[in-house]
Amino acid sequence: MSTVDMPFDDAPRAADSAETRADELVHKQLIKWHFSFGVAFLLTSMTAGFLVSLNFLNLYPFENIEWLNAGRMRFLHTNEVAYGFLVNCFVGALYYAIPRMTGKPVFSKKLGYLIFFVWQFLVLATSLGQLFGFAQALEWGETPTGFRPGSWDLEYIPVDFLIELGAVLVALQFLTPLARSIHKKMYVSQWYLTAGIIWLILTYVMGNTLPEWSMPGASGAATVGLFIHDLVGLFVTPMGWGLMYFFVPIILRTPVWSHALSVIGFWALAFFYPLNGVHHFLLSSIPMSVQYGAVISTMAVEIVVTTVIVNFFGTMWGKGYALRTNLPIRWFYTGMIFYFLTCLQCAFHTSLAMQKVIHFTDWVPGHAHLVMLGVFAFWIFGMITWLWPRITGNEWHNRRLNQWQYWLTLIGLLIMFIDLTAAGLVHGAMLDNLSPWMSMVEALKPYWGVRTFAGGLILTGQVLWSYNLWKTARTPKPYDYRVDLVQPEAS
Amino acid sequence: MDRFGSIITAAGLGCFAFAFVLSSLYPWMITGGSKPETNIAVLAQDVSPEFRDLKARWPVAFDAAYPQGVDALTMQQLVGVSPDDARRGRSEAAWEASYAQALRDGRDSYISEGCWHCHSQYVRPVSNEDQRWGPVSVWEQDNNSLQRPMLWGTRRVGPDLTYEGGLRSNDWHAAHFWRPSEVSPGSVMPRYPWFFREGWQVRRRIDPEIAERTGLSGDTSYALPGVYDSQAEAEAALQSTRDSLPNSLAAESERLFVEQGKGLNHRGLSMLAYIQWLGTWMPEPEPEAES
């Protein structure tokens, strides 16, 4: 298909000069750097995850090397994904989205470079600290406090507090254009991004101080549960949805279906999502009233989720062919289907009857992979796939590799999710029926084997894609953005 | 409600604070906030026999890690010391101090090795857990400094450790940390060779008669307590063991020899102290309120 003969409508050409002006507000170099490091950390994190999965098959290659031990490698897997990959890529996308939405540049380009270097240093300091024995006992936040557990004896870089500073700098960088926006009314994206940036600061302070220095046992657990949930629900989710509300209408070239639904979606997320925290420790010694509250609000979240999903599928109404022709849109909507699925799972998971079986089992990592990889990473893959030729100015080295990444990741994830879910049921049943411990472990090993295979597929997809990103950035080949515009189907 | 300021105050601060009060402060007020946490010095008041056993088995590493001075007496040395003797009190104080240190060191390793990713520390009232592990957990038992940060865990690839203390011997744990699959075939737990140090040991070859009866090789031997830094120290220990044997056991003396071997180091000792402590401490029950 020749790019020149395509029947374009007039809209994009009329918008060209506005497009150029908006483009001048964007610091492309910073976006490129953040994306590059984000993808690099994604690769190291997935490699770490793959290695840890080998440990479950008694095939771990570095079992005699202290700092590469499987237990410590597991810290690397989750923390590099959260702080190395997700944060870098979200910040990269914010450098694109926020100036274009608000018509104002970010606070300062120099601050941008400072944030970039500080953040990469912190992610590396986190990984090294974890490998050399300074991890914190806070799930999803094993970033070293730098202090001896529960005390004020400093023994390593206090990464936690520096991350907090980094988050404040990020807030300064992006809240400035949001506050000075040339538009009087805020678009729903801006609500999500504004609130998400504030929530990151608050969540991080709360989770990294209270359970460590003032709340023991049950109250610490309640706060840790709140931290895990807020980090995903009040930082990653608002960033994700904020950027979806920005990118989807732009790529589909259509307004959001219902503004009213987006209002409901935002406020209900803000209200119900953080109340879910304690559902990570149900049937524990945390007071039952708190547990029941978490169960009910988790179920309420599902209603919210449905409004947002309906809104996005309404937006796509009549343009479903974009799923076939436009890869970023396909990433986005696949992610949204998984988002609906994971949230539907949550509503069932929190029933105490189901907790009895699935808590402590492999079902939970299955769920976690579906949400972190299947939703947020998919969205980021879509954003980077859409932005990369725009910020490098180069046509893709090989577009087929992007398709390979999509299918390998999707198939790998589906296998992993179904496999771990099934493993969770076996695991839960064998815990319940008092099977001997080792016969349970032996029963789970085939599932763990399949999980490793699925992880291999996913990792391969990312390696192909990273290679493609690298070659695209390195090979000058003019990019015509009109190739990727969603065109009405020829009737 | 769609202005920058209202988003920041109502959503950013308001909703966060509301949830924080309900799901963190409120449970804290009911549990830990209503009763001060028990500190490590108090947790260490009841020194476990397993901890004393660590000193007997790995005396050199133990003394290097937790020097107790002459006050601390072993169980053998306490035989014949009257209950009122001041030496008993001084000995207990020395033991408690080193136990408190060891518990803290062990808990730190438990965190930094990520043990809590695969082992849980709470028992639920469902799934027959009280039959498999022990009494259902109550918040009072976790209201202590070794549970700050809390170590409940969220997954059970390995067994729950709430009541692990005293279930297995120190030897079992040492062998298990060295290579878990040796004592628990098929285990997927990583090995922890860095909990061990190289040294020299006195070993005893088994009695030929026993070898014949059991079908074991005549070369089979086992290590006597103690792993020494140098061969000379091990030889000296061998000599003193020989000297202490009565003449009737002269043949026994011939079966002792010195060889290179491994024993727990500082980290291994503290980890064992911590694991053997789990579940051994319970808070005093609240006195019944008079009505």
Side-chain angles (χ1 to χ4, degrees), chain A residues 55-56 58 63-64 66 69-72 74-75 133-135 137-139 148-150 178-179 185-186 191 194-195 198-199 202 206 211-212 215-224 226 270-271 274-275 277-278 280-281 283-287 290 293-294 356 360 431-432 434 437-438 441-442, chain B residues 2-4 7-8 11-13 15-16 19-20 22-24 26-28 30-33 37 107-108 111-117 120 122 124-128 131-132 137-139 142-145 147-152 154-157 159 181 184-188 190-194:
Chain A
N55 177 67
F56 287 77
N58 301 103
E63 63 169 5
N64 295 329
E66 179 183 348
N69 181 31
R72 301 187 187 184
R74 200 262 195 198
F75 294 129
F134 300 102
L138 173 67
E139 206 160 0
R148 214 180 153 182
L178 283 168
K185 286 209 164 185
M186 284 177 88
W191 310 355
T194 305
I198 299 289
W199 284 331
L202 296 174
M206 173 193 74
E212 186 76 28
M215 291 181 171
S219 53
T223 311
V224 167
L226 188 60
F271 185 76
L275 291 171
V278 174
H280 292 259
F281 294 103
L283 292 166
S284 67
S285 59
I286 296 173
V290 183
K356 172 187 154 179
F360 293 129
L431 286 174
D432 186 16
L434 300 178
W437 199 266
M438 289 319 297
V441 171
E442 292 297 342
Chain B
D2 50 3
R3 296 288 194 279
F4 182 75
I7 298 284
I8 291 218
L13 304 174
C15 291
F16 182 90
F20 172 68
L22 279 190
S23 19
S24 175
Y26 170 61
W28 177 75
I30 300 180
T31 63
E37 73 182 49
R107 189 275 308 264
D108 290 0
I111 290 174
S112 63
E113 298 291 351
C115 305
W116 52 282
H117 278 147
S120 58
Y122 72 103
R124 305 183 301 164
V126 292
S127 242
N128 297 317
Q131 288 186 49
R132 203 195 271 268
S137 296
V138 291
W139 67 264
D142 294 326
N143 193 27
N144 63 64
S145 302
Q147 280 286 349
R148 181 173 55 78
M150 69 95 203
L151 294 169
W152 283 6
T154 50
R155 214 170 156 210
R156 278 188 194 146
V157 179
S181 56
S184 142
S187 170
V188 295
R191 50 186 309 235
Y192 294 87
W194 45 94

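Below, chain A is the first sequence line, B the second, and so on; all start at residue 1.
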Checklist entry - What pair of heavy atoms forms the shortest contact from A:A195 to B:A11, and how long is it? => result CB-CB, 4.4 Å
Checklist entry - At a heavy-atom separation under 4.5 Å, does A:M438 approach chain B through its side chain, its backbone, both, or neither? => result side chain
Item to check | Closest approach of A:I286 to B:P27 (non-hydrogen atoms, all atoms of both residues) | outcome: CG2-CB, 4.3 Å
Item to check | Criterion salt bridge (Lys or Arg N to Asp or Glu O under 4.0 Å) on A:R72 and B:E113, from CA distance to verdict | outcome: CA-CA 6 Å; A:R72 301 187 187 184; B:E113 298 291 351; 2.6 Å; yes
Item to check | Among A:G133, A:A179, A:A222, residue most engaged with chain B (heavy-atom pairs, under 4.5 Å) | outcome: A:A179
Next on the checklist: How long is the straight-line distance from CZ of B:F20 back to CG of A:L275, given to the nearest 0.5 Å?
Outcome noted: 13.0 Å
Next on the checklist: I'd like to know if the side chain of A:N64 and the backbone of B:P193 have a donor-acceptor N/O pair within less than 3.5 Å.
Outcome noted: no
Checklist entry - Can you say whether A:E442 sits under 4.5 Å from chain B via the side chain, the backbone, both, or neither, judging by heavy atoms? => result side chain
Item to check | Plane angle bin for B:W152 and A:F281 - parallel if under 30°, tilted between 30 and 60°, otherwise perpendicular | outcome: perpendicular
Checklist entry - Is B:R3 close to A:K185 at the side-chain level, that is, under 4.5 Å between some pair of heavy atoms? => result yes
Item to check | Part of A:L226 lying under 4.5 Å from any heavy atom of chain B | outcome: side chain
Checklist entry - How far does CD1 of B:I7 sit from OG1 of A:T194, to the nearest 0.5 angstrom? => result 6.5 Å
Checklist outcome for this item: Of all heavy-atom pairs linking A:V290 and B:L22, the shortest is CG1-O, 4.1 Å
Checklist outcome for this item: Residue from A:P149, A:P274, A:G293, A:A218 scoring the most non-hydrogen pairs under 4.5 Å with chain B is A:P149
Next on the checklist: Restricting to salt bridge (charged side-chain N to carboxylate O under 4.0 Å, His left out), what partner residues turn up for A:R148, sequence neighbours left out?
Outcome noted: B:D105, B:D108
Checklist entry - Among A:A270, A:G277, A:P216, A:A294, which residue forms the greatest number of heavy-atom pairs with chain B at distances under 4.5 Å? => result A:P216
Checklist entry - What residue, out of A:E66, A:M215, A:K356, has the most heavy-atom pairs lying under 4.5 Å from chain B? => result A:E66
Checklist entry - What's the shortest heavy-atom distance between B:R132 and A:L431, and which atoms? => result NH2-O, 3.2 Å
Item to check | Contacting region of B:L151 [heavy-atom separation from chain A under 4.5 Å] | outcome: side chain
Next on the checklist: Run A:N69 and B:W194 through side chain to side chain contact (heavy atoms under 4.5 Å, CB included) and show every step you take.
Outcome noted: CA-CA 10 Å; A:N69 181 31; B:W194 45 94; 3.5 Å; yes
Checklist entry - Should A:F56 and B:V157 count as side-chain neighbours, where that means a heavy-atom distance under 4.5 Å? => result yes
Checklist entry - B:T31 and A:S219: which non-hydrogen atoms are nearest, and at how many Å? => result OG1-CB, 3.6 Å
Item to check | Top contributor to chain A contacts, counting heavy-atom pairs under 4.5 Å, from B:G114, B:P190, B:S137 | outcome: B:P190
Checklist entry - What heavy-atom pair brings B:P149 and A:E212 nearest, and what distance separates the two atoms? => result CG-OE1, 3.7 Å
Checklist entry - Going through the checks in order, is the ring pair (Phe, Tyr, Trp, His ring centres under 6.0 Å) test met by B:Y122 and A:F360? => result CA-CA 11 Å; B:Y122 72 103; A:F360 293 129; 5.4 Å; yes
Next on the checklist: As an exercise, state the distance from CG of A:L434 to CG of B:N128, rounded to the nearest 0.5 Å.
Outcome noted: 4.5 Å
Item to check | Max heavy-atom pair count under 4.5 Å with chain B, selected residue of A:W199, A:W437, A:F75, A:F134 | outcome: A:W437
Item to check | Note, A:V441 side chain near B:S187 side chain (heavy atom, < 4.5 Å) | outcome: no
Checklist entry - Out of B:H117, B:E37, B:R191, which one racks up the most heavy-atom pairs below 4.5 Å with chain A? => result B:H117
Next on the checklist: For B:R156, give me all partners under salt bridge (charged side-chain N to carboxylate O under 4.0 Å, His left out), at least two apart in sequence or on another chain.
Outcome noted: B:E129, B:D160
